[in-house]
Amino acid sequence: MTEKSIEQRIDQLQAGGIVDMHFDLLMDLYEKRERKNVLRTEFLPEIEAGNIGVIGVAIYIEDRYLPDAGLRVALDQIARLYAETQACPRFAICKSYHDIQKAREKKKIALLNTMEGAEPLGTDLDLLRIFYELGVRSIGLTHARSNAAGHGGIFASRGSSPEGLTGFGRGLVKECEALGIIVDLAHINPAGFTDILSILTKSPIVSHTNVRRYYDIERNISDEQIKMIGERRGVIGVNSVLVSPNEGESTLDHYVDHIEHIANLIGIDGVAVGFDFFEFIHSQWPESAKKELAEKLTTPQFIPDLRNHSHAGNLVRKLIERGFSDEQVQKILRGNWLRIFEEWL
Ligand SMILES: [Zn+2]
């Protein structure tokens with residue numbers, strides 16, 4: 001194939017927009033709340049360059065705000081999302097599959113508000129309804145730490161809590177499904193993972209993870225778990241920051257190895273992207289905070305040519321080089337997530 005025809009193929013595949021199911025946008029908007037037009041000036045150029053069409057933008061509460069300010073910071077993060085989106089009409093906050101379709105028809109970038117860790121709810125299930133009304137449409141019960149809902153998978157090959165979900169956590173899963181909030185199994189510990197699947201009747205998602213075969217930590221997903229997601233017609237988004245514990249192995253090719261591994265186990269309908277681009281936050285931190293992350297969790301290894309949304313075309317090119325058909329690439333880039341949105345939202 002000539003270089004020109006590859007470029008055309010990349011452009012055509014990207015033209016429909018890419019769905020990225022995990023982006024830590026809201027904590028950054030919150031930390032920059034004294035500034036205006038952060039979304040437009042700091043994020044829009046890269047998002048447009050990568051032709052990203054739908055982004056799951058997560059509420060996340062850092063340890064220093066917990067427990068007392070968790071709810072307030074979560075609400076403030078949503079407030080920033082609304083204010084910043086109003087100031088930049090290239091974006092649309094979407095609450096349904098129909099909203100997403102409408103936004104895409106108008107060439108807008110659809111934002112789906114998600115929550116990473118149920119800490120903002122405390123132990124009050126009634127608050128879920130409030131977050132639903134504000135537009136939250138996907139919840140992962142925990143980050144790496146434990147909370148009222150359950151326990152996170154740790155950044156080691158064993159040692160997570162043997163406990164699954166709490167009673168509150170089980171109630172939360174049921175209520176999410178009843179309301180129409182996608183339940184996300186990213187980060188949950190192995191016992192909690194099994195618990196969630198025993199409750200859910202709709203297709204499960206893992207918004208951003210990597211396969212344990214290549215990076216064996218409980219925060220990532222085992223072959224057995226991948227098959228459990230596949231059996232339920234779920235979708236797994238591949239994360240760009242935990243591709244390997246080693247810097248030299250954190251490459252775009254190895255990112256595609258993760259995609260390929262999942263596709264080999266459960267088929268092409270079960271794999272998508274959840275880039276979790278994080279360098280923009282990490283690079284703002286003082287050395288002490290980077291050291292703390294490295295000690296508590298891990299040192300994220302950023303893939304040189306997949307560091308932010310503007311690099312999405314590099315992934316499309318790599319998928320073509322690796323022999324994926326156009327139909328397969330489209331499923332990875334958007335079709336699989338859109339099927340989940342149609343089912344849940
Ligand atoms: Zn995460």
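When reading the values below, keep in mind they use all heavy atoms of this one structure, side chains included, and skip hydrogens, waters and symmetry mates. When a ligand or atom number is given, it counts from 1 through the structure's own listing order. When a residue number appears, it is its place in the shown sequence, counting from 1.
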**Student:** Do you see an N/O/S atom of Glu116, backbone or side chain, under 2.8 Å from the Zn ion (ligand 1)?
**Tutor:**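 A backbone or side-chain N, O or S atom of Glu116 is under 2.8 Å from the Zn ion (ligand 1).
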**Student:** Going by the rule ring pair (Phe, Tyr, Trp, His ring centres under 6.0 Å), which residues pair with His282 if we only count those two or more places apart in sequence or in a different chain?
**Tutor:**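 Residues passing ring pair (Phe, Tyr, Trp, His ring centres under 6.0 Å) with His282: Trp285, Phe302.
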**Student:** Within the stated cut-off of 2.8 Å, is an N/O/S atom of His22 closer than that to the Zn ion (ligand 1)?
**Tutor:**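 It does not; every qualifying atom lies at 2.8 Å or beyond.
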**Student:** Determine, step by step, whether Phe277 and Phe43 satisfy the ring-ring contact (aromatic ring centres under 6.0 Å, His included) criterion, reporting the C-alpha distance in whole Å, the side-chain angles of both residues, the deciding distance to 0.1 Å, and the verdict.
**Tutor:** CA-CA 12 Å; Phe277 292 128; Phe43 294 98; over 10 Å; no
**Student:** Does His254 have its ring centroid less than 6.0 Å away from the ring centroid of Tyr214?
**Tutor:**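 Centroid distance His254-Tyr214: below 6.0 Å, so yes.
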**Student:** Flag the pair Tyr30 / Tyr65 as yes when their ring centroid distance falls below 6.0 Å, and as no otherwise.
**Tutor:**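 Here the rings of Tyr65 and Tyr30 have centres that are less than 6.0 Å from each other.
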**Student:** Could you tell me whether the Zn ion (ligand 1) has an N, O or S atom of His187 under 2.8 Å away?
**Tutor:**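 Within the cut-off used here (under 2.8 Å), His187 does place an N, O or S atom near the Zn ion (ligand 1).
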